[in-house]
**Q** 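Got a structure here, written out as structure tokens. Questions coming.
Each ligand, and each atom within it, is numbered from 1 in the order the structure gives. Keep in mind the model is a prediction, meaning the values are calculated, not measured. FYI, the numbering just counts along the sequence from 1. Computation of the quantities below employed the complete heavy-atom set of this structure, encompassing side-chain atoms and omitting hydrogens, waters and symmetry-equivalent molecules.
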Amino acid sequence: MKDEFLPLFEPFDLTSGVQLRNRIVMAPMTHTASHLDGSVSEVEINYYVRRARGIGMLITGSASVMANGGFPGSATADRDELIPGLRNLASAVRSVGAKAVLQIAHGGHKCPPSIDDIVGPSSVPEPKEGAIVPRELTAEEIPGMIRAFGEATRRAIEAGFDGVEIHGANGFLIQQFYSPHTNRRDDEWGGSRQNRMRFPLEVVDEVRRVVELHAKPSFIVGYRITPEEAETPGITMDDTLALVQALVLKKLDYLHISQTDMWSGSQRANGDTRPCIEIIKEHAGNLPIIGVGSIRTAENAAHALQAGVPLIALGRELIMDPEWLKKIAQGREEDIKTKLAKTDQLQLEIPDSLWGVIMRMPGWFPFETEA
Ligand SMILES: Cc1cc2nc3c(=O)[nH]c(=O)nc-3n(C[C@H](O)[C@H](O)[C@H](O)COP(=O)(O)O)c2cc1C
């Protein structure tokens with residue numbers, strides 16, 4: 001292995017006491033290959049295990065905490081009968097040495113029309129054609145929604161996961177509450193920044209309460225954010241930094257900054273156009289950051305570490321090349337695949353459902369035939 005890549009293989013100690021064997025994390029990616037009742041399938045276990053070999057930590061695709069919070073075929077953690085399947089998944093990932101983290105989520109207004117009762121903080125639909133207008137959650141329902149995140153955490157603990165990641169990013173329900181675009185409430189859950197932050201922070205508190213009650217102290221709790229929204233009003237860097245400051249005071253193991261390109265410059269930080277991740281890092285104190293987004297090569301990852309981002313998540317890259325880290329360890333980083341071929345599905349063990357989505361969305365994944 002080349003010396004310049006050695007830092008990728010340095011272990012990392014999380015606050016909870018868990019040691020990750022290296023700095024590479026698999027980013028959460030919905031594959032829609034679970035069974036339609038939400039239970040874990042053999043196909044998804046094989047897909048995950050292939051990619052977990054060698055890396056430090058694997059975060060699953062978003063697992064819905066409630067029946068009306070997910071997508072057909074996506075992971076689910078909304079009822080106890082799903083625990084045995086989740087246990088198979090956690091133990092398979094752990095058996096190859098990676099820490100297994102379940103991403104817990106509710107899609108809110110992003111859920112598909114097949115869901116009968118689409119809900120959100122307010123009746124603001126997703127900004128896309130034909131989007132369904134969600135039903136505004138009543139103030140009486142909100143505590144139940146928060147408890148659902150706690151219950152999903154308990155299931156993750158019982159299933160033997162090493163931790164959970166709270167999905168506060170990508171326009172999912174938790175972000176919908178924080179966003180002044182999607183949260184138009186005038187009760188204690190909306191309006192001022194403090195009120196909009198109440199739901200995200202109460203979810204964190206509930207998850208921690210359950211962890212302290214049911215898990216070993218070393219159970220990992222991470223939080224994922226999207227730094228900025230395009231809409232006005234919408235989440236600005238000021239909003240994000242206020243949330244980060246509040247999250248720093250909670251007992252979290254990491255803050256995961258969800259971006260398509262890790263080095264995207266801020267669009268909404270009062271003229272500060274530095275990369276969002278750099279601005280956030282300045283305010284995150286001792287809370288470790290996971291950076292993600294278009295890290296393709298060993299050089300890209302080594303550069304991110306050098307720039308002070310301690311953990312690097314790979315999404316599409318691990319789909320395209322499950323042996324990404326192994327190739328670097330063997331000094332074969334030149335062989336890393338950064339493009340898919342139309343014939344790759346079987347040998348990369350990409351589930352049919354995920355392959356179908358990739359093929360239907362040109363431009364999302366780079367293909368060999370493209371320039
Ligand atoms: C197929 C696919 C599914 C995804 N599903 C999720 C998800 O369930 N939860 C989430 O937070 N992000 C999800 N993402 C976003 C990724 O975690 C990641 O942030 C994004 O792909 C950018 O990283 P990359 O350039 O390494 O792929 C998904 C991305 C892909 C490609």
**Q** Heavy-atom contact check, 4.0 Å cutoff: does Ala169 meet ligand 1?
**A** no

**Q** How does Thr30 reach ligand 1, if at all, at less than 4.0 Å between non-hydrogen atoms: by side chain, backbone, both, or neither?
**A** both

**Q** Within 45° of the axis and under 6.0 Å from the centre of the six-membered ring of Tyr178, does NZ or CZ of Arg196 qualify?
**A**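 Ring-cation test returns yes.
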
**Q** Note the single closest protein heavy atom to atom 23 (O) of ligand 1, along with its residue, its atom name and the distance in Å.
**A**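 Closest protein heavy atom to atom 23 (O) of ligand 1: Val292 CG2, 3.5 Å.
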
**Q** Run down the list Glu317, Met320, Arg316, Arg224 and name the one with the heavy atom closest to atom 12 (N) of ligand 1.
**A** Arg224

**Q** Look up atom CG in Asp321 and atom NZ in Lys327, then write down how far apart they are to the nearest 0.5 Å.
**A**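 Going from the CG atom of Asp321 to the NZ atom of Lys327 covers 3.5 Å.
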
**Q** How far is atom 29 (C) of ligand 1 from its nearest protein heavy atom, and which residue and atom name does that atom have?
**A** Met29 CG, 3.6 Å

**Q** Can you tell which part of Ile295 has a heavy atom less than 4.0 Å from ligand 1: side chain, backbone, both or neither?
**A** neither

**Q** Start with the C-alpha gap between Leu354 and Ile319, add the side-chain angles, then the distance that decides, and say whether side chain to side chain contact (heavy atoms under 4.5 Å, CB included) holds.
**A** CA-CA 10 Å; Leu354 177 55; Ile319 291 182; 3.8 Å; yes

**Q** Are Ser39 and Asp37 linked by a side-chain donor-acceptor pair shorter than 3.5 Å?
**A**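 Side-chain D/A pair, Ser39 to Asp37: present.
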
**Q** Side chain, backbone, both or neither: which part of Arg296 has a heavy atom under 4.0 Å from ligand 1?
**A** side chain

**Q** Using the side chain to side chain contact (heavy atoms under 4.5 Å, CB included) rule, pick out the option among Ile166, Ile290, Leu311, Val101 that qualifies with His256.
**A**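 The side chain to side chain contact (heavy atoms under 4.5 Å, CB included) with His256 is passed solely by Ile290 among Ile166, Ile290, Leu311, Val101.
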
**Q** Determine, for Glu158 against Arg154, whether the closest basic-nitrogen to carboxylate-oxygen distance falls under 4.0 angstrom.
**A** yes

**Q** Show your reasoning for whether side chain to side chain contact (heavy atoms under 4.5 Å, CB included) applies to Tyr254 and Thr15.
**A** CA-CA 8 Å; Tyr254 66 80; Thr15 324; over 6 Å; no

**Q** Assess Gln259 for proximity to ligand 1: is some non-hydrogen atom of it under 4.0 Å away?
**A**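 Yes.
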
**Q** Kindly confirm or rule out a cation-pi arrangement of Lys342 over Phe367, judged by NZ or CZ under 6.0 Å from the six-membered ring centre and within 45° of its axis?
**A** yes

**Q** Indicate the atoms forming the closest heavy-atom contact of Pro127 with Glu231, along with that distance.
**A**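 Heavy-atom minimum between the residues: CG-OE2, 3.6 Å.
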
**Q** In the complex you have, is atom 20 (C) of ligand 1 within reach of the protein, judged by whether a heavy-atom distance drops under 4.0 Å?
**A** no

**Q** Go through ligand 1 atom by atom and flag the ones less than 4.0 Å from a non-hydrogen atom of Ala27.
**A** 17 (O)

**Q** With a cut-off of 4.0 Å, which atoms of ligand 1 are near a heavy atom of Gly61?
**A**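 So the atoms of ligand 1 that pass are 8 (O).
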
**Q** Using distance alone, determine whether His167 and ligand 1 share an N or O pair under 3.5 Å.
**A** yes

**Q** Say you draw a straight line from CG of Leu89 to CZ of Arg94; how long is it, rounded to the nearest 0.5 Å?
**A** 12.0 Å

**Q** Tell me the nearest of Pro28, Gly315, Gly168 to atom 28 (C) of ligand 1, using heavy-atom distances.
**A**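 Residue with the shortest heavy-atom distance to the ligand atom: Pro28.
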
**Q** Should you measure from each heavy atom of Asn170, which atoms of ligand 1 turn up under 4.0 Å away?
**A** 10 (C), 11 (O), 12 (N), 13 (C)

**Q** Looking only at distance, does Ser294 have an N or O less than 3.5 Å from an N or O of ligand 1?
**A** yes

**Q** For side chain to side chain contact (heavy atoms under 4.5 Å, CB included), just list the numbers for Leu8 and Met1, CA-CA rounded to whole Å, side-chain angles, deciding distance to a tenth of an Å, and then say yes or no.
**A** CA-CA 11 Å; Leu8 293 173; Met1 187 201 323; over 6 Å; no

**Q** Where's the contact between Asp261 and ligand 1, heavy-atom distance under 4.0 Å: side chain, backbone, both or neither?
**A** neither

**Q** Going by the order shown, which atoms of ligand 1 are within less than 4.0 Å of some heavy atom of Gln103?
**A**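 Answer, ordered by atom number: 7 (C), 8 (O), 9 (N), 10 (C), 11 (O).
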
**Q** Considering the heavy atoms of Leu354, write down every atom of ligand 1 situated less than 4.0 Å from one of them.
**A**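 Under 4.0 Å from Leu354, ligand 1 has these atoms: 1 (C).
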
**Q** What do you reckon, does Trp364 put a non-hydrogen atom under 4.0 Å from ligand 1?
**A**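 True for this residue.
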
**Q** Decide yes or no on side chain to side chain contact (heavy atoms under 4.5 Å, CB included) for Val357 and Trp355, but give the supporting numbers first.
**A** CA-CA 5 Å; Val357 181; Trp355 185 254; over 6 Å; no

